Amino acid sequence: MEHIELSIVIPCYNEGKNVYLLYQRIKEAMRKIGKSYEIIYVDDGSHDDTLKYLKKVKNIAPNKTVIVKLRKNFGQTAALDAGFKQAKGKVFITMDGDLQNDPADIPKLLKKMATGYDVVSGWRHARRDPFGKKIFSKMANSLRKSLTKEKIHDSGCSLKAYKRECFEDLNLYGEMHRYIPAILMWKGYRIGEVKVKHYARKYGKTKYNSIRLFKGFMDLLVVKFWMQFSGRPMHLFGGLGAIVSFLGFIIGLYLVYLKIFYKAGIMNRPLLLLVILLLIIGVQFLMFGIFGDILIKTYYDQKPGSSYSIEKIM
Ligand code: UDP
Ligand code: MG
């Protein structure tokens, strides 16, 4: 493998007006850093002239440019994954293709990484986005901080640096890119952050709206579940099943007591319906737990060694 130090991975979806300017900024920043690098642009099914400008960049810097063209728009997470799979560098840098991040911040990320971190995330402390977007993002960030152990300020910031090994056994899908640091922290990687610059989008449009908060929340639930229960889904579902069935059992006992000692009619009691409901739900949960455990067993059988992460073998 060639010895490339940095792979800069940039997902681009309809960023025709931005990619050439971005290339110039990266070139300038990299000239100052003086490390070997490649830039991997992932054209995520753009239908503007993004590809035309990417080819122009490729003509100017053929050895430093890789273009990965996806067949259609698969989303930012898939685009990042496709880029990582082509990357040859020891460190992966990610950033947006819309000029909102500043390549001149790359040395800051690397400096922080050198102090003992596997991942360094940018923090857009003076973020230049519309007010509504910043509010949604604040909410999403505090939700993530409360549900996962990963406490960086701004995990939605695309400008990040990762050691190559972070992605050796990590496939990304859905819209998981916002939770990469959380997932990596759970696997035992050390996560740091530095303040970075942020600019307003000048050309092109944002690809996200407020629906993303909802989708992001769903993704967060999956990440949270995976972190806590991927080893034993039965601990969650079995636990819930036991609690719910126990509740049903106790209420059922109470009804039986009324029937035997007070000769009360229980057939027309709504409580009886509740007992039946709780017992059925409880058994369902238990079954989910058992199915979950069977699924997880097949998953780990297919991917041996994926339930832990080895740092070094000495
Ligand atoms: N992007 C992508 N595929 C998508 C959506 C976005 O490759 O389906 C890219 C987009 O071109 C940009 C980055 O992901 O480089 C971030 O998107 P955007 O700037 O729209 O997000 P925002 O900054 O508004 O959160
Ligand atoms: Mg943007």
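Whatever order the structure lists them in is the order used to number ligands and atoms, beginning at 1. Values in this document were obtained by computation on a predicted structure and should not be read as measured data. Note that these values count all heavy atoms, side chains included, but never hydrogens, waters or copies made by symmetry.
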Query - Closest protein heavy atom (residue, atom, distance) for atom 18 (P) of ligand 1 - result: Arg201 NH2, 3.6 Å

Query raised in the report: Between Lys207 and ligand 1, which part of the residue brings a heavy atom under 4.0 Å of the ligand: side chain, backbone, both or neither?
Result: both

Query raised in the report: Identify the closest protein heavy atom to atom 25 (O) of ligand 1: which residue and atom is it, and at what distance?
Result: Arg212 NH2, 3.0 Å

Query - Sole candidate of Arg144, Lys160, Lys145, Arg178 that passes side-chain hydrogen bond (donor to acceptor under 3.5 Å, both in side chains) when paired with Ser155 - result: Arg144

Query raised in the report: Name the one of Tyr189, Phe167, Phe92 that satisfies ring pair (Phe, Tyr, Trp, His ring centres under 6.0 Å) with Tyr162?
Result: Phe167

Report task. Name the closest protein heavy atom to atom 17 (O) of ligand 1, giving the residue it belongs to and the distance to 0.1 Å. Result -> Tyr208 CE1, 3.8 Å

Query raised in the report: Any idea which atoms of ligand 1 are less than 4.0 Å away from a heavy-atom of Asn73?
Result: 3 (N), 4 (C), 8 (O)

Query - is_close_aromatic(Tyr299, Trp226), centroid dist under 6.0 Å - result: yes

Requested in this report: Output the list of atoms in ligand 1 that are nearer than 4.0 Å to some heavy atom of Asp98, sorted by atom number.
Outcome: 19 (O), 23 (O)

Report task. Hey, can you tell me if Tyr257 and Phe261 have their rings parallel, tilted or perpendicular (30° and 60° cut-offs)? Result -> tilted

Report task. Measure the distance from atom 13 (C) of ligand 1 to every protein heavy atom, then report the residue, atom name and distance (to 0.1 Å) of the closest one. Result -> Asp96 OD1, 3.3 Å

Report task. Please confirm whether Arg127 comes within less than 3.5 Å of ligand 1 when only nitrogen or oxygen atoms on both sides are compared. Result -> no

Query raised in the report: Do Asp98 and Asn18 get their side chains close enough for a donor-acceptor pair, meaning under 3.5 Å?
Result: no

**Report entry** Point-to-point distance, once rounded to the nearest 0.5 Å, from OG1 of Thr65 to CG of Asn59
**Finding:** 9.0 Å

Query raised in the report: Which atoms of ligand 1 have any heavy atom of Cys12 under 4.0 Å away?
Result: 7 (O), 11 (O)

Report summary line: atom 14 (O) of ligand 1 has as its nearest protein heavy atom Gln76 CD, 3.2 Å

Report task. Kindly confirm whether the Mg ion (ligand 2) is within less than 2.8 Å of some N/O/S atom in Ser158? Result -> no

Query raised in the report: Could you walk me through whether Asp43 and Thr50 pass the side-chain hydrogen bond (donor to acceptor under 3.5 Å, both in side chains) check?
Result: CA-CA 7 Å; Asp43 177 9; Thr50 299; 5.1 Å; no

Query raised in the report: If you measure from atom 24 (O) of ligand 1 to every heavy atom of Gln100, Lys205, Lys133, which option wins on shortest distance?
Result: Lys133

Report summary line: Nearest heavy atom to atom 3 (N) of ligand 1, choosing from Asp43, Asp44, Asn14, Thr50, belongs to Asp44

Requested in this report: Evaluate the criterion side-chain hydrogen bond (donor to acceptor under 3.5 Å, both in side chains) for residue pair Asn209 and Lys133; output intermediate values, then yes/no.
Outcome: CA-CA 8 Å; Asn209 51 31; Lys133 192 173 205 150; over 6 Å; no

Query raised in the report: Taking both backbone and side-chain atoms of Asp129, is any N or O found less than 3.5 Å from an N or O belonging to ligand 1?
Result: no

Query - Ligand-residue contact atoms, ligand 1 with Glu15, heavy atoms, under 4.0 Å - result: 10 (C), 11 (O), 12 (C), 15 (O)

Query raised in the report: Does any N, O or S atom of Asp98, backbone or side chain, fall under 2.8 Å from the Mg ion (ligand 2)?
Result: yes

Query raised in the report: How far is atom 9 (C) of ligand 1 from its nearest protein heavy atom, and which residue and atom is that?
Result: Pro11 O, 3.6 Å

Requested in this report: Dump the intermediate steps for side-chain hydrogen bond (donor to acceptor under 3.5 Å, both in side chains) on Glu175 and Thr77, then the final yes or no.
Outcome: CA-CA 5 Å; Glu175 294 197 21; Thr77 305; over 6 Å; no

Query - Rounded distance [0.5 Å steps], CH2 in Trp123 versus NZ in Lys195 - result: 4.5 Å

Query - Tyr13 N/O to ligand 1 N/O under 3.5 Å - result: yes

Query - Residues Asp102, Arg25; criterion salt bridge (Lys or Arg N to Asp or Glu O under 4.0 Å); working and verdict - result: CA-CA 8 Å; Asp102 192 344; Arg25 287 197 194 161; 5.9 Å; no

Query raised in the report: Does ligand 1 have any atom that is closer than 4.0 Å to a heavy atom of Met95?
Result: no

Query raised in the report: Under a 4.5 Å cut-off applied to non-hydrogen side-chain atoms, are Cys12 and Val42 in contact?
Result: no

